[in-house]
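Worksheet: the structure to be examined is printed underneath.
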Amino acid sequence: QELPEMVLLKFFRPESTPVPARPTPEQLSSLIKTSLHYPESFNHSFNQKSLCLVPVTLLLSNCSQAVVDVMIDLRHKTTSPEALEIHGSFTWLGQTQYKLQLKSQEVCSLQLKACFVHTGVYNLGTPRVFAKLVDQVTLFETSQQNSMPALIIINNI
């Protein structure tokens with residue numbers, strides 16, 4: 001009589017506390033989705049008033065399931081000569097830095113004002129947005145991916 005073939009038994013024990021996976025830099029750079037809402041073109045009489053103020057809404061959406069610390073910096077300027085040729089320089093009026101906290105899937109809107117001194121085509125896509133998970137111990141927030149250029153046309157009437 002032949003002996004039955006021996007089979008190795010494997011024992012599996014489910015992990016009682018799964019170790020949270022560290023988010024990748026790619027995941028960290030897309031925690032916050034931003035979008036700018038503004039008129040495509042804006043008519044202003046520069047003869048009557050030298051400064052043209054345009055209301056702009058910056059919409060921030062937390063795409064993660066976690067609470068996220070967000071920092072917005074409006075002081076960033078486009079300095080490349082090509083960009084300045086196509087899009088002139090403009091200024092954000094008022095507060096230039098914001099720090100806020102967004103809960104999971106929360107959407108927040110900031111009311112901004114862009115100031116122009118002459119006609120032209122401008123890129124409003126200059127705000128830099130940084131974010132980090134609240135429970136993450138890091139010195140620096142991760143820069144969030146910037147969307148497409150946000151062009152506005154300023155006309156003189």
Side-chain angles (χ1 to χ4, degrees), residues 15-46 49-156:
E15 282 292 324
S16 54
T17 54
V19 178
R22 279 191 63 76
T24 65
E26 246 159 49
Q27 289 170 318
L28 287 175
S29 70
S30 51
L31 291 172
I32 301 294
K33 181 176 170 270
T34 61
S35 61
L36 287 167
H37 298 270
Y38 57 92
E40 250 177 58
S41 66
F42 196 83
N43 296 326
H44 179 79
S45 173
F46 284 96
K49 212 173 182 185
S50 59
L51 295 181
C52 170
L53 303 181
V54 178
V56 176
T57 302
L58 174 61
L59 214 57
L60 303 155
S61 309
N62 182 352
C63 299
S64 75
Q65 299 297 323
V67 181
V68 176
D69 280 331
V70 184
M71 206 271 292
I72 298 110
D73 189 357
L74 299 177
R75 297 170 302 171
H76 181 62
K77 289 277 179 240
T78 307
T79 52
S80 69
E82 309 83 41
L84 284 174
E85 274 174 36
I86 305 164
H87 327 291
S89 183
F90 73 97
T91 305
W92 291 106
L93 284 191
Q95 192 173 333
T96 56
Q97 282 189 308
Y98 296 84
K99 282 187 189 221
L100 40 114
Q101 201 171 76
L102 293 179
K103 293 180 188 73
S104 168
Q105 306 294 311
E106 186 180 354
V107 176
C108 171
S109 73
L110 288 176
Q111 302 306 315
L112 309 174
K113 279 213 184 311
C115 177
F116 306 91
V117 291
H118 37 73
T119 61
V121 177
Y122 298 87
N123 180 11
L124 295 177
T126 61
R128 290 191 302 176
V129 178
F130 302 91
K132 76 176 185 66
L133 299 173
V134 165
D135 55 7
Q136 198 179 37
V137 185
T138 53
L139 292 171
F140 301 103
E141 289 95 347
T142 306
S143 179
Q144 300 302 288
Q145 289 170 343
N146 206 346
S147 55
M148 299 296 286
L151 301 179
I152 184 171
I153 301 166
I154 304 297
N155 300 306
N156 191 18

statement: Residue set satisfying ring-ring contact (aromatic ring centres under 6.0 Å, His included) with Phe116, at least two apart, ordered chain then number -> Phe90, Tyr122
Indicate the atoms forming the closest heavy-atom contact of [X] with [Y], along with that distance.
| X | Y | result |
| --- | --- | --- |
| Ser64 | Val68 | OG-CG2, 3.5 Å |
| Gln95 | Leu74 | O-CD1, 3.5 Å |
| Val56 | Ala114 | CG2-CB, 4.2 Å |
| Ile152 | Phe42 | CD1-CB, 4.4 Å |
| Gly125 | Ala150 | N-CB, 3.8 Å |
| Ser61 | Val107 | OG-CG2, 3.8 Å |

My understanding is that only residues two or more places apart in sequence, or in another chain, count here; which of them pass side chain to side chain contact (heavy atoms under 4.5 Å, CB included) with [X]?
| X | value |
| --- | --- |
| Gln65 | Ser104, Gln105 |
| Val67 | Gln101, Val134 |
| Leu100 | Leu60, Val70, Ile72, Tyr98, Leu102, Cys108, Leu110 |
| Cys63 | Lys33 |

- prompt: Please walk me through it: do Thr119 and Asn155 pass side chain to side chain contact (heavy atoms under 4.5 Å, CB included)?
  reply: CA-CA 5 Å; Thr119 61; Asn155 300 306; 5.6 Å; no
- request: Find out whether Leu93 and Leu51 are in side-chain contact, i.e. whether some heavy atom of one side chain is under 4.5 Å from a heavy atom of the other.
  value: no
task: Could you please spell out the steps behind the side chain to side chain contact (heavy atoms under 4.5 Å, CB included) verdict for Leu124 and Val54?
output: CA-CA 11 Å; Leu124 295 177; Val54 178; 5.8 Å; no
Nearest 0.5 Å please: distance from the [atom1] atom of [X] over to the [atom2] atom of [Y].
| X | Y | atom1 | atom2 | result |
| --- | --- | --- | --- | --- |
| Lys132 | Leu31 | NZ | CG | 11.0 Å |
| Ser45 | Asn156 | OG | CG | 6.0 Å |
| Glu40 | Ile153 | CD | CD1 | 7.0 Å |
| Gln97 | Arg75 | CD | CZ | 3.5 Å |

Hey, is the main chain of [Y] close enough, under 3.5 Å, to the side chain of [X] for a donor-acceptor pair?
| X | Y | answer |
| --- | --- | --- |
| Tyr38 | Leu58 | no |
| Asp73 | Arg128 | no |
| His44 | Lys49 | yes |

All pairs passing side chain to side chain donor-acceptor pair (under 3.5 Å) where residues 108-117 contributes a residue, at least two apart: Thr57-Gln111
task: Go through Ile32 and Asn62 one step at a time and tell me if the side chain to side chain contact (heavy atoms under 4.5 Å, CB included) criterion holds.
output: CA-CA 5 Å; Ile32 301 294; Asn62 182 352; 4.2 Å; yes
